[in-house]
There are 2 protein chains.
Amino acid sequence: MSEDLLKLHRDAIDQIDVDILHLLNQRAQHARDIGEIKGGGIIYRPEREAQVLRRIKALNPGPLPGESVARLFREIMSECLALEKPLSIAYLGPEGSFTQLATLKHFGHAARTVACASIDEAFRLVESRQLDYVVAPVENSTEGAVGRTLDLMVSTPLKICGEVVLRIHHHLLRKTPAMEGIRRVYAHAQALAQCHEWLNKNLPAHVERISVASNAEAARLAAEDANCAAIAGQAAAERYSLAKLAENIEDEPNNTTRFLVLGHQEVGQTAQDKTSIIVSAPNRPGAVHSLLEPLAANGVSMTKFESRPSRAGLWDYVFFIDMEGHHSSDNIAQALKGLGERTSFVKVLGAYPQAVL
Amino acid sequence: MSEDLLKLHRDAIDQIDVDILHLLNQRAQHARDIGEIKGGGIIYRPEREAQVLRRIKALNPGPLPGESVARLFREIMSECLALEKPLSIAYLGPEGSFTQLATLKHFGHAARTVACASIDEAFRLVESRQLDYVVAPVENSTEGAVGRTLDLMVSTPLKICGEVVLRIHHHLLRKTPAMEGIRRVYAHAQALAQCHEWLNKNLPAHVERISVASNAEAARLAAEDANCAAIAGQAAAERYSLAKLAENIEDEPNNTTRFLVLGHQEVGQTAQDKTSIIVSAPNRPGAVHSLLEPLAANGVSMTKFESRPSRAGLWDYVFFIDMEGHHSSDNIAQALKGLGERTSFVKVLGAYPQAVL
């Protein structure tokens, strides 16, 4: 009886698989036709991929979660693209890092990914067109690489053409699966801060908290000494085969990290875009307030405003500003014009679809 | 005009995507129904997955290559399975190794994979049911880990439930993309042997060939010294950001490496199976010939016959034999009966579908 029922379901799956197979090939044929119409031009269109994924998530009836179907469609687009020419992506290694996860999440597994030892090298490989795109962390609370990405963006000819957001969970990891006898906890200082409350409640006061260069480094240290624990993510737990003593111990549940995708192309407008710019500002009272006036006047929302000391020495500070919308839209174009009248340096880093997955 | 044509193709893709989306969810619902009928039993069925993939490849009309559609269906099955409960897989690390590639190829990216420092540890995690399956290299010409896997199979209670075959390409890798000035080439001894002819033809005679523990180690060394090159695969090239001076330099084009998947379950019969066994044999003339007689008499084809000195000391040698077919089929059952009458130790390691992808 239940064998009959199983067979019914399996037969139904077999029929569904044939239908999916034919649809996948029809899709690939259309993608190929599009490639021919374009005649060897750029085939990767971030704006189009974002539209496809947003639509799929909006239409998804379940039971597969939205993230699952988006992941599958990412892979489908990745295979269709690779039929023309596989994309090559430089990312800040090592393998097993969050940046690799972000790269695969954004480009799918048919892309060719290259782990680079530094952000500089990753940029260089794409600037010299040896590889197609670069993925670099830009707001990454626990890998300590943000500053360098920002500095490189001042001078790179590359354009931002996408962003990737990963939700970051911290776990308490140890070689042996027991809470007893922990003498030290290693983590990046940011991760220690982010798990402060949890550590206060769950570990004895005598346990030392030691900040190290990265959470991956913390995991490595914990793998070498059974008296120590580390705060780190899933990838590091797997990489160093550590037991998870406690999951998701971050005090703030919406802990995310953000990556930028850069390449040689301008990206078209979608329903939800961001525009990123760098502007210089002199170090004098009221300078920032005056600088931001054109944004407010044109109703432009900022999603990020970050200052950094200028390395070039020409200005006192540079500001990284993310705005909602595409720079080809009227209000942002007007705001940029106003900014240009107030400061000697405005660089549009790119306009790109907001992260979907 | 070409814009109109592009729009036609994009509209067609949008409609196809909606159809695929609904089919994926119908598929997931059937998979979920099957899970409920089974009531919490084993949900991963290697025999069923092999059948699905073989059928998809056989029916595939293109233009997507068979490997692409098989890869996509692997991911679809992986997501459908994860809807019930994600599988956890132990593999011989480090990340970036061929064994990780084999693991992802076999289980898809919705599975949880754990890099282990040794094959022993990977087996232990599955034997103690902390993880579900283990993937270990068994005929791996360049990573030097085969012997340990074979030794562990003598005593493990785990059953082989699948195999993965990777085609291995060797590339000549170097820090700088030029053939001039190479003083040394590092590689595993097997890789040096496999590329012998190519090296003779393409490198000056004075270039030293140095064998090291693994090709990954060779790549690491080449990344540190610009005067050196390494022979290694794609993963190592990416991991150490090395330039490819020459691709596919192996003298024999069908260079493959093989991995076994082990777990706690018996796998049902498919149209193309293998059965793996270990038998003991005394060290005396004619012993092997006599041992193999029941296989020949029952028309059983061997695909592998490998001897190893016995570590247990009870026997002189043990033999690892792979046969075509499932041990529940008549001819193999008869052959096993005959073997049992000729030797004191016959262990059936498992019957499993031949590798599809």
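Keep in mind it's a predicted model, so treat the numbers as computed, not measured. What's counted below: heavy atoms across the whole structure, side chains too, no hydrogens, waters or symmetry copies. Proteins get letters first, then strands, A, B, ... in listed order; numbering begins at 1 in each.
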Q | Choice from Asn60(A), Asp19(A), Val52(A) maximising heavy atom contacts with chain B below 4.5 Å | A | Asn60(A)
(Q) Which heavy atom of Ile13(B) sits nearest to which heavy atom of Ala31(A), and what is that distance? (A) CD1-N, 4.1 Å
Q | Most contacts with chain A, counted as non-hydrogen pairs under 4.5 angstrom, among Ala12(B), Ala110(B), Gly62(B) | A | Gly62(B)
Q.
Does any backbone or side-chain atom of Thr113(B) lie under 4.5 Å from a heavy atom of chain A? Answer side chain, backbone, both or neither.
A. both
Q | Pairwise distance CD(Glu36(A)) to CG(Leu5(B)) - rounded to 0.5 angstrom | A | 11.0 Å
Q: Check each atom of Gln51(A) against the heavy atoms of chain B and say whether the ones under 4.5 Å are side chain, backbone, both or neither.
A: neither
Q. If you count heavy-atom pairs under 4.5 Å with chain B, which of Arg55(A), Gln15(A), Gln29(A) comes out on top?
A. Arg55(A)
**Q.** Among the listed options Gln26(B), Arg10(B), Arg112(B), the residue most often paired with chain A at heavy-atom distances under 4.5 Å
**A.** Arg10(B)
Q) With only heavy atoms counted, which part of Gln130(A) is less than 4.5 Å from chain B, the side chain, the backbone, both or neither? A) neither
Q. Looking only at heavy atoms, what is the nearest atom pair of Ile16(B) and Arg27(A), with distance?
A. CD1-N, 3.8 Å
(Q) Let me confirm one number: the NE2-CG distance from His22(A) to Leu59(B), rounded to the nearest 0.5 Å. (A) 7.0 Å
Q | Stepwise side chain to side chain contact (heavy atoms under 4.5 Å, CB included) test for Leu8(A) and His30(B) | A | CA-CA 9 Å; Leu8(A) 277 180; His30(B) 283 294; over 6 Å; no
Q: Under 4.5 Å heavy-atom distance to chain B, tell me which part of Leu21(A) shows up: side chain, backbone, both or neither.
A: both
**Q.** Spacing of CD1 belonging to Ile34(A) relative to NE2 belonging to His9(B), to within rounding of 0.5 Å
**A.** 6.5 Å
Q: Applying salt bridge (charged side-chain N to carboxylate O under 4.0 Å, His left out), name anything that partners Arg48(A), two or more places apart in sequence or on another chain.
A: Asp14(B)
**Q.** Nearest-0.5 Å distance that lies between atom CD1 in Ile20(B) and atom CG in Leu23(A)
**A.** 5.0 Å
Q | Neighbourhood of chain A inside residues 63-76 of chain B, taking heavy atoms under 4.5 Å as contact | A | Pro63(B), Leu64(B), Pro65(B), Ser68(B), Val69(B), Arg71(B), Leu72(B), Phe73(B), Glu75(B), Ile76(B)
Q: Give the minimum heavy-atom separation between Pro61(A) and Asn25(B), together with the two atoms involved.
A: CD-ND2, 3.5 Å
Q: Answer with side chain, backbone, both or neither: which region of Leu24(A) has an atom nearer than 4.5 Å to a non-hydrogen atom of chain B?
A: both
Q: Answer yes or no: is there a side-chain heavy-atom contact under 4.5 Å between Leu104(A) and His109(B)?
A: no
